A.B. asks: 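Take this structure, written in structure tokens, and hold onto it; I'll ask about it next.
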Amino acid sequence: MAAFVKPVIAGNWKMHKGPSQTREFFSRFIELREATADRTILFFPPAVSLAAAVEALAGRPDLLLGVQNSHWEREGAFTGEISPGMARDAGARFALIGHSERRHLFGETNEEVGRKVAAAFEAGLTPVVCVGETLEEREAGRLEEVILGQLDAAIEGIAPELVAQMILAYEPVWAIGTGVNATPEDAADAHGRLRRRLAERIGDDRAAEVPILYGGSVKPNNAQALLAAPDVDGLLVGGASLDPESFAAITRS
Ligand code: 13P
């Protein structure tokens with residue numbers, strides 16, 4: 001972990017759980033997980049379930065919410081999209097930007113990711129920017145080129161003091177939903193490269209403030225080892241965040 005950073009444990013529910021299942025999840029999760037000052041815990045439910053989540057978490061200000069995607073415009077003729085200002089109004093404080101599924105299934109480009117990051121900051125949301133290489137890119141020796149290119153594009157034109165407030169997530173595409181997690185050494189290597197590039201862009205002190213999360217097949221049985229790796233400041237959990245027991249266990253890692 002970097003100095004001073006409190007571990008961030010985030011659950012990305014992807015296209016799972018409507019409002020009813022969201023209420024069920026939180027009624028159980030709240031029983032299982034008492035408030036804690038030593039972890040930041042975030043949830044990214046589907047946008048249609050945000051209101052149910054806000055209501056369910058009314059007594060738990062320690063459990064924070066975000067959206068899985070937000071547009072770069074404030075409003076307009078963009079059918080199916082939501083703006084960061086609307087997300088904030090609905091109770092989100094964070095926005096996942098550039099998740100690999102957005103990039104690879106929906107064609108989101110580096111340039112669009114940069115615009116979304118700027119818009120999220122402008123609306124008062126903390127962007128959680130996701131980067132990661134495919135297996136093909138990794139095997140071709142292009143890990144650094146790909147993830148640093150994604151990082152550079154995401155923070156292009158953003159003031160260093162704002163960049164210091166974002167969260168970064170390294171999610172190798174080959175580890176997402178496959179059951180094959182990166183080893184703690186692989187994660188530390190990629191996170192170290194990202195931290196050094198951040199330091200070049202915004203200075204060492206500010207770079208040390210940015211939590212860098214690892215995501216990709218995180219489970220209760222590998223969370224602790226991943227979290228103990230150098231420069232791994234938290235975890236972004238997909239499948240294992242859908243079950244209250246397993247996610248509560250991960251938050252205790
Ligand atoms: P899994 O934990 O299901 O591999 O998903 C990781 C992820 O994409 C989180 O954003």
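Read the numbers this way: they start at 1 and go in the same order the structure lists the ligands and their atoms. Only a predicted model underlies this, so the values are computations on that prediction, with no experimental measurement involved. Along the sequence shown, residues are numbered consecutively beginning with 1.
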A.B. asks: Could you tell me whether Arg102 sits above the aromatic face of Phe106, with NZ or CZ closer than 6.0 angstrom to the six-membered ring centre and within 45 degrees of the axis?
C.D. replies: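 Geometry flag: set, cation within 6.0 Å and 45°.
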A.B. asks: Checking the N or O distance criterion of under 3.5 Å, is ligand 1 in contact with His99?
C.D. replies: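 It does: an N or O of His99 is found under 3.5 Å from an N or O of ligand 1.
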A.B. asks: Is Ile176 touching ligand 1 with its side chain, its backbone, both, or neither, if touching means heavy atoms under 4.0 Å apart?
C.D. replies: both
A.B. asks: Taking a cutoff of less than 4.0 Å between a non-hydrogen atom of the residue and any ligand atom, is Lys219 in contact with ligand 1?
C.D. replies: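 Heavy atoms of Lys219 never come under 4.0 Å of ligand 1.
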A.B. asks: At less than 4.0 angstrom from any non-hydrogen atom of Ala175, what atoms of ligand 1 do you find?
C.D. replies: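 Numbered from 1, ligand 1 contributes 4 (O).
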A.B. asks: Report yes or no: does Ser241 have a heavy atom closer than 4.0 Å to ligand 1?
C.D. replies: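 Judged by the 4.0 Å heavy-atom criterion, Ser241 does not count as contacting ligand 1.
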A.B. asks: Mind telling me whether Tyr214 and Tyr170 have parallel, tilted or perpendicular rings, with 30° and 60° as the class edges?
C.D. replies: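 Tilted: the ring planes of Tyr170 and Tyr214 meet at 30° to 60°.
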A.B. asks: Return yes when atom CD of Glu34 has more than 12 non-hydrogen atoms of other residues, nucleotides or ligands closer than 6.0 Å, and no otherwise.
C.D. replies: yes
A.B. asks: Would you mind listing which atoms of ligand 1 come within a distance below 4.0 Å of any non-hydrogen atom of Glu171?
C.D. replies: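 Result: 6 (C), 7 (C), 8 (O), 9 (C), 10 (O).
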A.B. asks: Using a 6.0 Å cut-off, check whether atom CD of Glu245 has over 12 heavy atoms from anything other than its own residue.
C.D. replies: yes
A.B. asks: Could you tell me whether Arg74 and Glu122 make a salt bridge, using a distance below 4.0 angstrom between a side-chain N and a carboxylate O?
C.D. replies: yes
A.B. asks: For Trp13, which of Phe26, Phe44, Phe247 qualifies under ring-ring contact (aromatic ring centres under 6.0 Å, His included)?
C.D. replies: Phe26
A.B. asks: Does ligand 1 have any atom that is closer than 4.0 Å to a heavy atom of Ala240?
C.D. replies: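 Outside the 4.0 Å threshold, so no.
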A.B. asks: Considering the heavy atoms of Gly216, write down every atom of ligand 1 situated less than 4.0 Å from one of them.
C.D. replies: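 Near Gly216, meaning under 4.0 Å from one of its heavy atoms, ligand 1 has 4 (O), 6 (C).
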A.B. asks: Could you go through the salt bridge (Lys or Arg N to Asp or Glu O under 4.0 Å) check for Asp152 and Arg201 one step at a time?
C.D. replies: CA-CA 9 Å; Asp152 286 345; Arg201 295 280 184 267; 3.2 Å; yes
A.B. asks: For ligand 1, which atoms have a heavy atom of Lys14 less than 4.0 angstrom away?
C.D. replies: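 The list of qualifying atoms is 5 (O), 6 (C), 7 (C), 8 (O).
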A.B. asks: Any idea which atoms of ligand 1 are less than 4.0 Å away from a heavy-atom of Leu236?
C.D. replies: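 In order of number, 9 (C), 10 (O).
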A.B. asks: Closer than 4.0 angstrom: is that true for some heavy atom of Gly177 and an atom of ligand 1?
C.D. replies: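 The answer is yes: ligand 1 sits under 4.0 Å from a heavy atom of Gly177.
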A.B. asks: Would one find an N or O of Gly238, backbone or side chain, under 3.5 Å from an N or O of ligand 1?
C.D. replies: yes
A.B. asks: Looking only at protein heavy atoms, identify the closest one to atom 3 (O) of ligand 1 and say how far it is in Å.
C.D. replies: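 Checked against all protein heavy atoms, atom 3 (O) of ligand 1 sits closest to Gly239 N, 2.8 Å.
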A.B. asks: Report, as yes or no, whether the 6.0 Å neighbourhood of atom CD on Glu81 holds more than 12 heavy atoms from other residues, nucleotides or ligands.
C.D. replies: yes
A.B. asks: More than 12 heavy atoms of other residues, nucleotides or ligands under 6.0 Å from CG of Asp62: yes or no?
C.D. replies: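 Yes, because the 6.0 Å sphere around CG of Asp62 holds more than 12 heavy atoms from other groups.
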